[in-house]
Every structure is written in C-alpha cells, then in structure tokens.
Amino acid sequence: MSAFAAMMAGPAASGLAIHSSAEHLMLHHISFAVTDLARSIAFYDAVMAPLGFRRVWSHDSGAGYGIEDDNESFAIKQRELVQISPSGFHLAFAAPTQDAVVAFHAAALAQGGSDKGAPGLRPDYGDAYFAAFVLDPDGYWIEAVINGR
C-alpha cells in the first residue's frame with residue numbers, strides 16, 4: 001500500500017475507502033504553501049501525531065508528513081504568498097478513532113489553529129461520520145474524520 005493510500009486509510013484502517021491500488025493512485029500527494037515554515041511545522045507535527053502520522057522529511061524550505069521516511073503524502077512548502085481557496089476546498093485526514101479526532105482538534109487549537117467545527121457526529125454526512133474542522137495558521141481548512149466506527 002502506498003504512503004498516500006495508507007494515510008487515507010488511516011493507521012488503523014479508519015473505514016474510509018480510497019479508490020487506488022499500488023499501480024494506480026487517485027492522488028500521490030498534496031502540498032500547501034505556508035508563510036512561516038517553523039510555525040507550520042510545529043502545528044502539523046502536533047496535529048498529525050494523534051492521527052498516527054509523522055514528519056518524514058524536512059529541510060529549510062519544506063516538510064513532509066506520512067508514515068514512511070522520505071515518502072510524504074502531505075507536504076508544506078515555504079512561500080512568500082499563500083492563496084487560500086475562497087470556499088469549498090478542504091483537506092480531510094483519516095483518523096483511527098474518535099479520540100484521535102478529539103486530540104487532533106485540541107492540538108490544532110493549542111498550536112494557533114481556529115475552530116471551524118468541534119469534534120462530533122455529523123449526521124448530514126452519515127450516521128457514523130465523526131469529525132472536527134479547523135483552520136491552520138495560514139487559513140487552510142482541514143479536517144480529521146473517522147467514518148464507520
């Protein structure tokens with residue numbers, strides 16, 4: 001299983017489906033531009049840990065997160081300008097448990113993130129859709145979710 005597929009499935013198979021195989025991935029990785037790399041590394045180190053992910057590489061202009069060394073599924077890159085989508089776009093990270101969603105949300109707020117939806121069930125998305133939503137320090141809308149457990 002690729003690092004992206006493993007990330008999307010969550011470290012303990014969160015119940016989310018990803019339509020891929022080792023030969024054909026829907027997505028390989030995604031990157032966010034950030035204005036303050038040190039601040040963003042501290043933020044993403046903190047919010048990725050409860051989800052079972054870690055920083056797998058870093059250098060003076062970026063950092064990558066995933067499961068395997070040097071094989072990121074999510075990266076942040078230092079840039080002077082960040083342009084956030086005006087509405088609709090967000091990135092959902094798979095969580096292994098509801099407790100991990102709660103810990104993700106708490107870590108995000110402790111690291112300067114803004115609350116966009118406290119941890120809880122989202123019946124509009126499904127009977128077992130448990131998620132939390134935050135804005136990262138640059139204003140990206142991110143989510144941690146477990147669906148089905």
Side-chain angles (χ1 to χ4, degrees), residues 1-119 122 125 129-147:
M1 177 181 293
S2 74
F4 185 79
M7 183 172 170
M8 294 306 293
S14 70
L16 293 177
I18 185 166
H19 300 283
S20 68
S21 70
E23 298 81 36
H24 185 83
L25 290 175
M26 182 179 217
L27 298 173
H28 185 273
H29 68 275
I30 190 166
S31 299
F32 283 177
V34 299
T35 57
D36 182 332
L37 184 61
R39 175 185 68 184
S40 293
I41 285 174
F43 178 87
Y44 282 103
D45 282 358
V47 301
M48 290 295 177
L51 304 178
F53 309 119
R54 63 183 176 84
R55 187 168 7 132
V56 296
W57 63 264
S58 61
H59 51 69
D60 61 355
S61 64
Y65 294 86
I67 297 170
E68 301 170 359
D69 286 345
D70 298 319
N71 192 9
E72 87 279 359
S73 297
F74 173 71
I76 53 176
K77 307 285 180 83
Q78 176 72 48
R79 299 291 185 262
E80 289 185 28
L81 177 65
V82 172
Q83 294 181 321
I84 305 297
S85 174
S87 67
F89 175 81
H90 76 282
L91 182 59
F93 294 104
T97 65
Q98 289 183 0
D99 287 342
V101 172
V102 172
F104 160 91
H105 187 260
L109 298 182
Q111 291 293 323
S114 301
D115 181 33
K116 292 299 282 184
R122 302 292 193 272
Y125 302 151
Y129 198 101
F130 189 92
F133 301 89
V134 298
L135 296 180
D136 82 352
D138 282 293
Y140 290 105
W141 183 10
I142 61 172
E143 169 187 2
V145 59
I146 181 166
N147 190 12

Supply the atom-to-atom distance [X] [atom1] to [Y] [atom2], rounded to the nearest 0.5 angstrom.
X	Y	atom1	atom2	result
His90	Ser85	NE2	OG	11.5 Å
Ser73	Leu27	OG	CG	10.0 Å
Ile84	Trp141	CD1	CH2	13.0 Å

Any side-chain heavy atom of [X] within less than 4.5 Å of one from [Y]?
X	Y	result
Arg54	Asp69	yes
Phe104	Ile142	yes
Arg55	Tyr65	yes
Asp138	Arg39	yes
Phe130	Asn147	no

### Task
Determine whether the side chains of Asp136 and Tyr44 contain a donor N or O and an acceptor N or O closer than 3.5 Å.
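Yes, a side-chain donor-acceptor pair sits under 3.5 Å.
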### Message
Quick one, Glu68 with Val56, criterion side chain to side chain contact (heavy atoms under 4.5 Å, CB included). Give me CA distance, side-chain angles, the key distance, then yes/no.
### Response
CA-CA 6 Å; Glu68 301 170 359; Val56 296; 5.7 Å; no
### Query
Going through the distances and angles, do Asp115 and His105 end up as a side chain to side chain donor-acceptor pair (under 3.5 Å)?
CA-CA 8 Å; Asp115 181 33; His105 187 260; 2.8 Å; yes
### Query
Can you name the ring-ring contact (aromatic ring centres under 6.0 Å, His included) partners of Phe32, sequence neighbours left out?
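For Phe32 the ring-ring contact (aromatic ring centres under 6.0 Å, His included) partners, ignoring immediate neighbours, are Phe74, Tyr140.
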For the student: nearest non-hydrogen atoms of [X] and [Y], plus distance:
X	Y	result
Ala94	Leu51	O-CB, 4.0 Å
Leu91	Ile30	CD2-CG2, 3.9 Å
Asp60	Leu37	O-CD2, 3.6 Å
Ala103	Pro50	CB-CB, 3.6 Å
Arg122	Ala118	NH2-O, 2.8 Å
Arg79	Ala33	CG-CB, 3.6 Å

### Query
Using 30° and 60° as the class limits, which term best fits the ring planes of His59 and Trp57: parallel, tilted or perpendicular?
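The arrangement is parallel - the two ring planes meet at less than 30°.
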### Task
Please answer whether the main-chain N or O of Thr35 pairs with a side-chain N or O of Glu80 as donor and acceptor at a distance below 3.5 Å.
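No; judged by distance alone, with no hydrogens or angles, the pair does not exist.
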